[in-house]
Structure formats: C-alpha cells, structure tokens
Amino acid sequence: MCAQRPELYFSTKKMRIASLGVSSSLPDLSGEHILQNDLEFRLDEEDEIYEGYGRCRNAYPYRQYNAYARELEVSEVKIAVLENTYVKAVFLPEYGGRLWELWDKERGTNILYTNDVLRFSNLAVRNAWFSGGVEWNIGVIGHTPLTTEPLYTAKLTDDKGNPVLRMYEYERIRGVVYQMDFWLEDENRLYCRMRIVNGSGEVIPMYWWSNMAVPEYEDGQILVPADSAFTYKDGVVMKTEIPFVNGTDVTKYKNIPRSVDYFFDIPEEMPKFIANINGDGYGLLQVSTKRLRSRKLFSWGKCNASNHWQEFLTDQAGRYVEIQAGLAKTQYGCLPMAPHTAWEWIESYGPVQIPPEMTDQSGTEKTVWLAGKLKEEKVPESLEMRRVATKSMAKRPAEVIGHGSGFGAMRPYTKGTEHLAFEIREPGLLRWKEFLETGRLERKEPLERPDEFCVDRENYHLLEQAVQNAESGNWYAWYLLGIGYYIEDRWMDACRAFEKSWELDENPWAAHGMASACLMRQDKNQAARWIARGIPMKKEDVSYLKEGLRLLLQCGSYDLLRKSYEELDGGMQSVGKLKFFYISALHALGEDEKAYELLEEDGGLEVEDIREGEDSIAQLWMELDRSVTGEKREIPYRYDFKAY
C-alpha cells in the first residue's frame, strides 16, 4: 500500500440533528445550576485545587440556548477532515470545533465514541449540549459557552509541508483569545497545539478541559499513572486512594454504580496520559505536554437514572464514558492566569495496544508498562520539542475558510493574536460599534429582540453618559444601562434604570430586568409582579416564557403562574418545561388530581431541557402520586434523572 501524505479537506456529512432553535431573547442574568458550585471541600493543605476560584453566577454576556427540540431530521453538517495512511480525524467546526471521529485506519475502528445523532440536553453553561467526540472546554466551570457555536476555521502549512487545521475564537467571559492547531505527520497520532492568550492587565481565572467521549467497553478499563484521585460524595470533595474505592476498582468503569467524577492526581515526574482500553487491551491513548497536568474519569454509572441519561442523549449509538485532560487538578475551580500571558501545550491522540500477554494482568501493571513505554520512546520530551518547534507556526496567519463571531474584532488590541483574523458580520455588533464611536444608540421597537449583549464593566459608563445627554429618551439605552448596573451588583441602580426604560416605553425586557434585580434584593413579590407584566407581551417567545414562568415559580407566585400559563395558546402549553411549571403551580395550590392527570397524560411528561443532576420531575411525581394514590411507589423510569 502506498503511503498517503497527510491531507486536509473540507466537506459535509449527513447527520440526524435536532433543531437547536434560536438563542434566548433574554440576557442570562439568573444563570443555570452548576453542580460544582454547591460542594464542600475536605482536603489537605498541600492539595491546592483552587476550590471555587473563578465561579460565575451566570453565563452573561452569552445567551442561553433553551428552545431546542428532540425531534430529529437529516441535515448536512460542515466537517473538516485530516487524514493520512494511518488515521482519519473528523471535526465539526460549526459545533465548537469538536473532534467528532478518530479512525484507526489500519483496524477500521473509530476509537472515540461518536453519537449517531446531535440531540441537545441541558448540561452546558448555556443549557444546550450534545454527547460524543472530543469537546474543547475553555473559560468557565462546565461545558464551554461555545460548544454549539461555529469557530473561525482556517488552513495553513507547517514547516514540514503538512497541512494544519486551525480553529479559534474569542471567549467573552474571560476576555481571552484561544487557538487550536491540528495536524498529522507520518504516523498514527493526531497532534493538537493549544494556545490561550490573556492580553489584559489583570489576573484572570482560567479553565480548560479536553473532554473525550469514549466507548463504554464491556470489559473496559482506564489507564492513568496515579494512585489517588479527588472525588465527591454527598456534596463533599475529598481525596481517595485508587484504583479501589470501597472495594470497587473504579478504573473498571462498568463497576461504578452511580454517576461520579474521579480527578486523578498524577505525580509531577510521570508522563501526562490517559487511555481507555477494551478487554483485548486496545483503545484510545491521549498524551500531552506537562501544562495539561490532570486527568479525569466521568461515568454515568449503572442505576436507572444513569441508564436513562445515556438513552436521553442518543438514539442507537450505545453507552459512553468521559475521560478528560485539564489544566487544574480538578474542575472545582479555575487557575489564576497572569496578565499578558500565553499558555500553550500539545495533546496527541491515537490508538494504543497493550501486549496480548498482559491482558489478564492488573490495571496497575498495564499502566506501569504504558508509562514505561512512553518514557522509553521519549514521548513527553518529543511533545515538548514539538511545542517549541511550532511556536513560529502558531503565530503565522492562515487562510480563513469559515467564520465565527465578530466579538474578537470588538476587543482591545492583544499582543500575540495579531495573526488571527476576526470580522464583524452581525448587524447588532455594527450598531454597538457605532455607539462606542459616536455615543448614539439606535432605538429599537419595544417588542423587538435586543441586539447582542455587549454591556460590560468597562463600557457601561458610556451608557451613563448617553442617557444624561442624547439618549435620555431612549428606552433601549436605559435598559442596557440597567444590565450594566446588574452585572456590577448595583441592584438599586439597576431597578431605577429598568423602571425608567419601562416608563419611556413599556417593554418586556425591562420587566424581566426588574424581576431579576428585585429577586436579587429578595423582593419576590415585586419580582413576580414585574415578570407577570412582561409575559403577556411575549406569548410567542418560548425562551421568554421559560424564564418568566421559572421566575414566578421561584417567587412562589403560583396564582400568577397558573394565570400566565392558561392564557397561552395550545402550542405553547404543550412545551414540556412550561407544562412542568404549570403542574408544579397546581400542586402548590393543592390541585393535585388535576396536576397528576396532566403529568401522566400521553405516556408521561417529557421535559426536553431537564437539567443534569436535577430530580425536580421525579420529586414532583412522588409527591403527586402519593397524594392521589395514597401509596409510596418506585419512581417510573421515564422520570428518573437523579444519577448522582
């Protein structure tokens, strides 16, 4: 067989995809629940895991994606492909640059878990997330804000003549540019060169985890060079010895009963790697330079809720586990990144085969063998040498093939990112740019969807000046100023700005802003009254309705919630989350028989965007079922999502 030189090409792939829907019309002020934000830490003084550092209350300035559906349709998806004689890597540039497939061509095997559908569920910081492939998580704790977003995609050539796929974007919460360069050489390894640039004059919290979905093999096992791990139980984070935890070898993930994370504490002197192998010792090996120091295993476990989540995320692709690689020791906090700093590292992905004679040996023995092989072949050193040798390549311009957002073009100049092209194509960003340059802000119609949310701690003072001058009568300027005050925790000032916006022109956006600010002031009655004013103005906007009814439920305003829901048309009343809020209100009002009937009709309520780790629908069913039947029965499988 003739050797195939590495090549890069762009194409499309037919996939079954659920509609992502449009992003929310509202700013994310209240935020989604993040499991890692509710933990208690019991650790030793030398562990240094920066617990809680860099937590965010919400995903602002990003909007939530909460209007997706579960029905599937065949669609064409853009892909980028790197291929040589030995491997074929398929990327999804329009979905966070995800590495979707990695084929060992010599065996004809995809060594990643690749979902057979793109079906969204509520697991990310912006809600919508899908399983499969390798996800590149940056910035904040949890699945990246950019996981369903198109990245800038470009191509160039390295010093050896190999084609390089580049993907990059501007991450808005941390205000950093990140860049990923991928290439193949004449071997069975995919190389990934990562670069994050903090061009600001401030120390910022930074987070990165490369999240690899891999097949859950029947006799599968994780190999990682560590004898201890950080984990949690009942909300408490602790350090434990591995592989045996309470008598169970947790590296054999089929043994794990419930969903759990294990963050492996790899000694400084050991190679930084993790592998997922089947019973024959074959699978995926991921190795990196030392900056990407940590590794993790996430298993859904094997209880009913775990099985339900595995099925909820896919169609017929089967089960998976996640192995991950990160900058910090755990995902319970971020690392401080110095001003005017670039962090760089290289990851490599490819197949691994443990010798057949070692098949029956322990995981520890297999790990020792693999670590020894990597040291013998000087793999860590060669990766470090590649990182240094490709520094100039990483700063060369590339030919842009696909576009991401225009936010990178709005940021201040950042040294070390001059080679990356950003372009403003969004009309809303162009209008904001005009405001920054002239102080004039185009007035929108009161029911019109707001433009991109660009108000931040650096520029809200310009809105203060504007509303004292040319924009004093512009409801939209006052509304945006209210958001500026809100993100500064200036609740009273936010309320005054939102109220002024409402007085100038009654609009649903100021009503939501007022409700959110009143809630932060613990004034639930006022919060409920305000959001109840906004809901009738946006009866056809599912994202507004989901946020509105959620706030009413949170405020305990059950009569207002019932009234708001009953005034919706039938199509909106059939949306799972809205119906769930309504049933919850009926239950709180003592109308259990009606609530139970609605919950159980048509085979049982399906909430399309139930949150990871949430047991609200199971709790609701238990309370209603006991009230109506007088019995204490087991939670039906369809409502069981409490895998933790």
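Scanning all heavy atoms of the two residues, the minimum distance from Ala342 to Arg195 falls at CB-NH1, 3.6 Å. Shown here for Leu184 and Leu82, the closest heavy-atom pair between the two residues is CD1-C, 3.5 Å. For the residue pair Met180 and Gly96, the shortest heavy atom distance occurs at CE-O, 4.4 Å. The nearest pair of heavy atoms linking Ala59 to Gln64 is CB-NE2, 4.1 Å. Here the closest non-hydrogen pair linking Pro225 and Ile266 is O-CG2, 3.7 Å. Nearest heavy atom pair, residue Ala226 against residue Pro267, reads CA-CD, 4.4 Å.
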May I have the step-by-step check of side chain to side chain contact (heavy atoms under 4.5 Å, CB included) for Val224 and Leu297, ending in yes or no? CA-CA 10 Å; Val224 62; Leu297 166 66; over 6 Å; no
Could you walk me through whether Leu284 and Ile323 pass the side chain to side chain contact (heavy atoms under 4.5 Å, CB included) check? CA-CA 10 Å; Leu284 170 75; Ile323 55 176; 4.3 Å; yes
Applying ring pair (Phe, Tyr, Trp, His ring centres under 6.0 Å), run through Tyr332 and Phe41 and close with a yes or a no. CA-CA 10 Å; Tyr332 306 134; Phe41 297 87; 5.8 Å; yes
List the steps, then state whether salt bridge (charged side-chain N to carboxylate O under 4.0 Å, His left out) holds for Lys373 with Glu377. CA-CA 6 Å; Lys373 180 177 173 62; Glu377 296 179 354; 2.7 Å; yes
Verdict with reasoning, Asn304 to Glu634, per side chain to side chain contact (heavy atoms under 4.5 Å, CB included): CA-CA 11 Å; Asn304 279 346; Glu634 185 177 346; 3.9 Å; yes
Is there a salt bridge (charged side-chain N to carboxylate O under 4.0 Å, His left out) between Asp159 and Arg396? Walk through the geometry before answering. CA-CA 11 Å; Asp159 294 337; Arg396 287 208 298 265; 3.2 Å; yes
Verdict with supporting geometry, Lys366 and Gln221, side chain to side chain contact (heavy atoms under 4.5 Å, CB included): CA-CA 10 Å; Lys366 294 172 186 174; Gln221 187 167 33; 3.6 Å; yes
Under the salt bridge (charged side-chain N to carboxylate O under 4.0 Å, His left out) criterion, do Glu344 and Arg291 qualify, and how do the steps go? CA-CA 8 Å; Glu344 300 181 326; Arg291 183 176 287 280; over 6 Å; no
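The salt bridge (Lys or Arg N to Asp or Glu O under 4.0 Å) with Asp265 is formed by just one residue from the set Lys272, Arg293, Arg295, Lys296; it is Arg293. Considering Val250, Thr240, Val236 as possible partners of Thr231, the one that fulfils the side-chain contact (heavy atoms from CB on, under 4.5 Å) test is Thr240. Among Phe641, Phe120, Tyr639, Tyr637, the one residue that satisfies the ring-ring contact (aromatic ring centres under 6.0 Å, His included) test with Phe312 is Phe641.
Between the side chains of Thr251 and Asp249, at least one donor N or O sits under 3.5 Å from an acceptor N or O. Between the side chains of Thr289 and Arg387, no donor-acceptor pair of N or O atoms lies under 3.5 Å. Between Trp300 and Tyr320, the side chains place a donor N or O and an acceptor N or O closer than 3.5 Å (distance only, hydrogens not considered). A donor atom on one side chain and an acceptor atom on the other are not found under 3.5 Å apart for Tyr62 and Glu149. No hydrogens or angles considered: nothing links the side chains of Ser306 and Arg319 as a donor-acceptor pair under 3.5 Å. Side-chain contact check for Tyr207 and Glu171: no donor-acceptor pair (N or O, by modelled atom type) lies under 3.5 Å. Of the N and O atoms on the side chains of Ser131 and Asn115, at least one donor lies less than 3.5 Å from an acceptor on the other residue. Judged by distance alone, the side chains of Asn276 and Tyr253 do bring a donor and an acceptor atom under 3.5 Å apart. For the residue pair Glu135/Thr147, the side-chain donor-acceptor check at 3.5 Å is satisfied.
Note that the CG atom of Asp609 and the CD atom of Glu614 stand 8.5 Å from one another [nearest 0.5 Å]. The line from CZ of Arg5 to CD of Glu83 is 14.0 Å long, rounded to the nearest 0.5 Å. Rounding to the nearest 0.5 angstrom, the gap separating the NZ atom in Lys252 from the OG atom in Ser362 is 8.5 Å. Taking CD of Glu381 as the start and NZ of Lys375 as the end, the distance is 9.5 Å to the nearest 0.5 Å. Taking CE from Met358 and CD from Gln353, the interatomic distance works out to 11.5 Å, rounded to the nearest 0.5 Å. Remark: Asp104 CG to Lys88 NZ distance equals 13.5 Å, nearest 0.5 Å.
For Phe182 and Trp136, the ring centers are positioned less than 6.0 Å apart. Checked against the 6.0 Å centroid criterion, the rings of Phe130 and Tyr95 qualify as a close aromatic pair. Close placement of the Trp208 and Trp345 rings is indicated, their centers lying within 6.0 Å of each other.
The shortest distance between side-chain heavy atoms of Val87 and Tyr349 does not fall below 4.5 Å. For the pair Glu106 and Pro351, the minimum side-chain heavy-atom distance is 4.5 Å or more. Side-chain contact between Val176 and Val197 is absent, with no heavy atoms from C-beta onward closer than 4.5 Å.
The backbone N or O of Thr144 sits less than 3.5 Å from a side-chain atom of Asn137, completing a donor-acceptor pair. A distance-only check finds a donor-acceptor pair linking the side chain of Arg126 to the backbone of Pro145 [under 3.5 Å]. Between the side chain of Tyr86 and the main chain of Glu185, no donor-acceptor pair closer than 3.5 Å is present.
A salt bridge is absent between Asp44 and Lys239; no separation between the charged side-chain nitrogens and carboxylate oxygens falls under 4.0 Å.
Heavy atoms from other residues, nucleotides or ligands lying under 6.0 Å from CD of Glu45 number 12 at most. Heavy atoms from other residues, nucleotides or ligands lying under 6.0 Å from NZ of Lys290 number 12 at most. Shown here is Glu357, whose CD atom has more than 12 heavy atoms of other residues, nucleotides or ligands within 6.0 Å. Enclosure of atom CE in Met385 is not indicated, since only 12 or fewer non-hydrogen atoms of other residues, nucleotides or ligands lie within 6.0 angstrom. Within 6.0 Å of CD in Glu269 there are more than 12 heavy atoms belonging to other residues, nucleotides or ligands.
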